[in-house]
Number of protein chains: 2
Amino acid sequence: MADVAHATGVSSMTVSRAFKDDASVSKQTRDRIREAADALGYVIDSTASGLSSRKTGFVAVIIPSVSNANFADTLRGLTEGLRETNLQILLGYSDYDVKEEERLVELFLRRRPEAVIVTGGTHTDRCRRFLVNAGVPVVEMWDLPHEPIDQVIGFSNAQAGRLMVQHFVERGYERIGFIGGDTSRDARGADRRAGFLQALCDSGLEATRLVAFGTPPITMREGARAMKQMLSQWPNTQAVMCVSDLSAFGAMTECQRSGLRVPEDMAIGGFGSYDLSEHAIPAITTIDVGARNIGRQAAMRIVALLSSTSQGNWEPMQIEPELIVRHSS
Amino acid sequence: MADVAHATGVSSMTVSRAFKDDASVSKQTRDRIREAADALGYVIDSTASGLSSRKTGFVAVIIPSVSNANFADTLRGLTEGLRETNLQILLGYSDYDVKEEERLVELFLRRRPEAVIVTGGTHTDRCRRFLVNAGVPVVEMWDLPHEPIDQVIGFSNAQAGRLMVQHFVERGYERIGFIGGDTSRDARGADRRAGFLQALCDSGLEATRLVAFGTPPITMREGARAMKQMLSQWPNTQAVMCVSDLSAFGAMTECQRSGLRVPEDMAIGGFGSYDLSEHAIPAITTIDVGARNIGRQAAMRIVALLSSTSQGNWEPMQIEPELIVRHSS
DNA sequence: GCACTGATTGTTATCGCTACCAAAGGGCCG
DNA sequence: CGGCCCTTTGGTAGCGATAACAATCAGTGC
């Protein structure tokens, strides 16, 4: 920076200002400085400016997985929402593991982010302590935690499960099953299942046809295997909700390979509104939570909270899962 | 940090050392310091340590899209490869736009990453200048650039196109088409198409059945529309290669909706070896480039380059695309 | 002409940490 | 017992920027 200052004949302070958007430098000087910087190949050092100004421009974001289209969509929404700000995303994924989430949170807090966004409301104690003491806005998304740490942009996963049961019941199905992964790791998947079971009970239906298979996120392959198990254990099952569209697709192809017609012999419901479920034949009934919108809303809230002017009370934002009925049910 | 030092009765220098892996501090002192830090809620500041030590621990990674399972896999490979180091990924995605890539590279260089990984060998002039002058290892992956900037871990996209033609020809198909997106943005997709066309010509076959539809990455929907156009323009087409498995799936479902049997009436080939193509009915013939492995290799090379001991000459690493024959062709 | 205002630029002192060098303490050997 | 080495700890300067204040200058109104 001193070099650029010298080359332009100004002080380094002026160079610093030339690279800030809102600083008062004459347009002429700024242009000259920018030009000189480009010629010298100078790139401003955010590390130093972050230290000095105590603003790093980072937003730490932790999602369970990047391979999951839903979280990828949320990430996209976040990116879009932060595009015009000078905030940058520091992304980590936890592999659906709260211990790994804790590791990432600690790692990321070292970078002094200006906000932290995590997925879900389930954390280790140590992780929770980190977040509470972070001293910056924290957003929990994709869930409605009982004891929020700070901000919440989410929806009720149990509600999603109930919606699907309601739909199956309206269609006249009575012997209804659920396919998911191990519930120990994926708290949101477990919530969907819990809501699903509760709704079955409320409707006076048997709630025993559960297959849990593989570590989340469960894939098409595991969905297929789980359906195979479902069919051998409860052959007269009429409808199955799957914890995700991917497993729903796997389950559906398993039915088709077994010569079952969907939905006549077996109705299928998924979750997540993947492109896949729209294009599969038959198209798969699913639940849309507006993953991209969740990201966008989280970004908007972060931006609002950081622009100190706004001083609203920030209620949890509750998003309504929406059932999308297609041909598979 | 001074607080922790005071609480433990040591100097801040010793506290600093207690948080480094290789520093010489007695185990006893280190434990006491760590304990005190935890109690005080102290988290070390990487911003400051980065400034002081000139090691930020960042690796800048730019991929075209996170919604694309292939790049998500590469990212996963990278993460795995860097897990045990103290390097952290700074991720950005360019939306298949070299101008956006330039913006990201400039943004990321401000963070003083210790290495930069970009996707593909096509960049704007300014971006290329940035990368050349970055002063840190640069890896171009997913392609074999004619004029590499530094390190290369990639494969020939043209080769991928040729492989599929070869396969179609062996199967006896003669009227062969290609479905892709606008070629102006996706250089790698364009390369696949170029290799495809070249191979058709080499086999003495007509190379005119091209449908380009939508901005990359093209989706299932666009694959379906493109197939519709293909069928109306060249109804007697026997086989089609699609630029990705997603578009291949969309194209295949369009055939099925039109009452065409796959592969008897229309053979389909994709690219990328998505889970989807394995589970679709019929399963889709595709090309596997080992996306995860590319990420892993890139990580390994970065790690090797940064541990100054190794002083090999680093040839481009050329990965061989592999044809996976399934039932759709 | 003079005080006053607003726009632009310069000076100085940090931000929180680590590199570098120095020094203290303990064990071993001749 | 002195000298040497090794382990562990401390002091100081500086990494590259910005915050906060000070200073300069031109224009304005009276």
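All of these numbers come straight from a predicted model, not from anything done at the bench. Order of the sequence lines sets the chain letters (A, B, ...), proteins ahead of strands, with each chain counted from 1.
The environment of CG in A:Asn133 is crowded: more than 12 heavy-atom neighbours from other residues, nucleotides or ligands sit within 6.0 Å. At most 12 non-hydrogen atoms from other residues, nucleotides or ligands lie less than 6.0 angstrom from CD of A:Glu35. Within 6.0 Å of CE in B:Met300 there are 12 or fewer heavy atoms belonging to other residues, nucleotides or ligands.
Proximity of B:Thr29 to the phosphate of D:dT9: a side-chain N or O atom is located under 4.0 Å from OP1 or OP2. OP1 or OP2 of D:dA19 has at least one side-chain nitrogen or oxygen of A:Lys20 nearer than 4.0 Å.
Comparing A:Val43 and B:Arg17 by the nucleotide of DNA chain D that holds the closest heavy atom to each, the one mapping nearer the 5' end is B:Arg17. Where A:Ala2 and B:Ser26 meet DNA chain D, the nucleotide closest to each residue was compared, and B:Ser26 sits on the side nearer the 5' end.
Atom pair B:Gln28:CD and D:dT7:P shows a separation of 17 Å (rounding to whole Å applied). Rounded to a whole Å, the CZ atom of B:Arg30 is 13 Å from the C1' atom of D:dT9. Atom CZ in B:Arg110 sits about 22 Å away from atom P in D:dC15, given to the nearest Å. The distance between atom NZ of A:Lys27 and atom C1' of C:dA7, rounded to the nearest whole Å, is 16 Å.
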What does the list of N/O pairs under 3.5 Å between the protein and nucleotides 12-16 of chain C look like, with a distance for each?
from   : atom 1 : to      : atom 2 : distance (Å)
C:dC15 : O3'    : A:Arg54 : NH2    : 3.0
C:dC15 : O2     : A:Ser52 : N      : 3.4
C:dG16 : OP1    : A:Arg54 : NH2    : 2.6
C:dG16 : N2     : B:Ala48 : O      : 3.3

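For the residue pair B:Asp182 / B:Ser184, no side-chain donor-acceptor distance below 3.5 Å is found, with atom types taken as modelled. If you check the side chains of A:Thr14 and A:Ser11, you find a donor sitting under 3.5 Å from an acceptor.
Using the six-membered ring where Trp is involved, A:Tyr96 and A:Phe71 have ring planes that are perpendicular, over 60° apart on the 30 and 60° scheme.
Considering only the side chain of A:Ser11, C:dG10 comes nearest among C:dG10, C:dT8, D:dG10.
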